[in-house]
Amino acid sequence: VAASPAPVVSLIRMEPTPAAELRFDGAAYSLDALQRAAYRLAASAASEFRVEGSDLVCSLYPAGDEVDAAALAYEMRTLALDEVLRERIRTETAAVRNTILALAFSRTGLTDNETSPGGTLPAVPDPADERSDP
Amino acid sequence: VTAVELGGLASQSGLVDGVAYELMPMRFHRFAGGRVLLTNLVGEHLFVADHELMTILSGCAAGDLLRHLRGKHLVRLPGETLPLELLALKARTRQWRLAQFTSLHLFVVTLRCDHACRYCQVSRQNSTANAQHYDMSADTAEASLDLVFKSPASAIKIEFQGGEPLLNLERIEHIAISARRRNETAGKDLAFVVASNLALVDDDVIELAREHDLHFSTSIDGARTLHNRNRPRPGGDSWERAMAGIDRIRTELGGDRVSALMTTTDLTLASASDVIDAYVGAGLYDIFLRPISPYGFARRESSKARYDVERWLAFYEEGLDRIIALNNQGVPVRERYASIVLTKILTNDDPGYVDLMSPAGIGIGALVYNYDGGVFASDEGRMLAETGDQTFRLGEVGTDSYHDIIGSDALLSPLEESFAASAPMCSDCAFEPYCGADPVYHHATTGDFLGHKATSAFCQRNMGIFELILGRFTDDPVARRVFQSWVQR
């Protein structure tokens with residue numbers, strides 16, 4: 001029995017055109033900051049990044065048909081700058097943040113093998129101690 | 001200011017007029033008009049001008065600005081430890097409920113109902129349907145109570161749900177008696193609430209409520225016409241029966257024994273003021289302006305009851321302004337969602353409202369015991385199950401232990417995956433201390449527990465509310481006085 005011929009599949013490659021392309025100086029903007037900005041912009045546009053030399057290039061693909069490319073680019077640049085600020089705050093305050101949270105949640109009785117100090121949150125019984133089924 | 005200029009800013013501290021300071025954890029959100037909201041680790045807030053944000057981050061704040069920043073623990077002077085200790089204490093206080101799980105236990109004592117509400121979120125059955133199939137049995141009730149009293153919470157509230165729970169009054173009485181008997185040794189602060197349309201309130205209901213100190217929560221959607229259109233029942237007299245039930249409970253049991261909630265539909269959005277005036281006219285001074293939920297059978301109504309976030313926010317703003325105006329005229333009416341949010345903004349307490357908790361309130365804030373013995377992480381999870389989605393079914397009473405249910409992947413996975421402090425966008429959001437994680441909502445609308453925050457209606461709605469409330473609190477002296485009175489109640 002002769003084998004059936006393989007089906008002919010033709011692929012149509014779709015390459016949408018970005019509404020805007022923005023170039024960021026990699027020394028001033030981290031990829032993380034730009035990706036966070038892109039996430040915030042996601043209701044308006046999807047984003048794609050590529051590295052060109054020391055630059056980060058961001059292509060913006062709008063979510064809808066009616067596109068104001070200039071407004072989209074302006075918003076992305078504004079968001080990106082705010083994300084640089086947030087990154088700066090995170091970096092500078094990471095140690096003290098961890099210190100505060102460690103201070104806040106140490107000796108709460110919420111973890112095993114802790115003694116519950118007087119005047120603090122009540123210790124939670126281990127649910128396993130109350131298992132009632134055989 | 002460009003990012004290149006930012007790179008040249010002082011790295012750890014500034015030194016102006018001899019005052020050096022160190023940044024403390026903070027988040028910011030830009031408001032219209034050039035203002036920036038700063039919140040610290042526990043949500044205490046300060047508005048600054050746009051240009052002042054750069055001054056602060058470059059270490060150049062001085063004078064009054066620096067004093068305000070220190071007062072809100074947004075910066076500290078080198079070597080100061082008191083701001084750290086105070087923030088730690090406040091952070092710990094805000095999370096005190098974590099050790100007190102689970103305090104709310106919902107018993108779906110029947111799926112039968114005498115109403116056929118247009119937005120009904122459960123697969124309610126006619127009141128004449130076979131009770132054997134749709135009512136909670138005595139064995140299921142006892143097995144559910146076994147789990148309730150395993151909870152470490154010192155305060156336990158049992159809420160009877162439906163369907164219409166008064167159609168299974170026998171089971172309500174059974175559960176109340178058994179719970180009180182168990183509590184003689186458990187010693188918890190035990191309370192009961194019946195979530196009822198009140199159409200079936202009679203002598204037996206009043207007597208049972210008197211004997212077991214039952215409170216009632218009912219539904220009033222607004223004025224008579226709107227309410228009866230939203231909530232059809234035989235005779236078309238839902239509003240009249242609810243009002244009669246409210247009057248009777250107040251007269252015979254006390255004014256504090258009944259409260260009301262509304263559900264918003266597209267019909268409601270025409271006028272928030274009409275809804276508020278209807279509440280005040282009925283002597284109801286607590287109003288909860290709620291959005292329609294996307295769960296369960298309510299989703300089937302999407303073509304009829306759909307409205308977007310912007311329309312709902314406009315409705316909410318109109319309603320809140322009407323309530324503020326009424327307070328200014330001496331009418332002490334309160335909007336409950338704003339009151340919850342304001343408590344989170346202005347104090348270190350957390351009201352424990354399930355939708356605005358992170359970790360999410362499912363399971364650790366509330367558990368639901370369905371008529372058929374299924375245990376659910378939330379009432380919304382139960383509603384999803386009625387449409388065939390069993391994601392939030394944690395186990396079965398009488399089969400699964402408390403440990404199995406509280407430690408189940410069905411509960412822990414959504415709690416972990418939706419935790420706001422580590423979620424994209426939420427972790428940097430200035431409103432995060434006021435907001436919550438809602439894995440059931442995001443699962444229902446997007447298919448995953450976390451959701452996509454940039455497109456989430458939950459996120460857009462809550463951010464809109466936070467902006468509105470903080471804006472009114474800051475700019476309007478009358479609103480500020482009213483808001484403070486709600487928090488101080």
If you round to the nearest 0.5 Å, how far is CG of B:L84 from CG of A:L101?
10.5 Å
Just checking B:R182: does its CZ atom have more than 12 heavy atoms from other residues, nucleotides or ligands closer to it than 6.0 angstrom?
yes
Does A:Y74 OH have over 12 foreign heavy atoms under 6.0 Å away?
no
Interatomic distance, CD1@B:I56 vs CD1@A:I89, rounded to 0.5 Å, equals 9.0 Å
Please give me the minimum heavy-atom distance between A:V96 and B:P25, naming the atom from each residue.
CG1-CD, 3.5 Å
Part of B:S154 lying under 4.5 Å from any heavy atom of chain A
neither
Side chain to side chain donor-acceptor pair (under 3.5 Å) contacts in which one or both residues fall within residues 75-87 of chain A, not counting sequence neighbours
A:S30-A:E87, A:R40-A:E83, A:D82-B:R30, A:E83-A:R86
Just by modelled atom types, is the B:K453 backbone N or O under 3.5 Å from a matching donor or acceptor in the A:Y39 side chain?
yes
Taking every heavy atom of A:A104 against every heavy atom of B:A88, the minimum-distance pair comes out as CB-O, 3.2 Å
From A:T93 atom OG1 to B:R76 atom CZ, the distance as rounded to the nearest 0.5 Å:
11.0 Å
As an exercise: rank B:A91, B:P424, B:G398, B:P83 by heavy-atom pairs under 4.5 Å with chain A and give me the winner.
B:P424
Side chain to side chain contact (heavy atoms under 4.5 Å, CB included) between A:I100 and B:M24, worked out:
CA-CA 10 Å; A:I100 293 165; B:M24 298 282 276; 4.1 Å; yes
Measure the CG-CD distance between B:L57 and A:E92 for me, rounded to the nearest 0.5 Å.
7.5 Å
For B:L89, which atoms come within 4.5 Å of any heavy atom of chain A: side chain, backbone, both, or neither?
neither
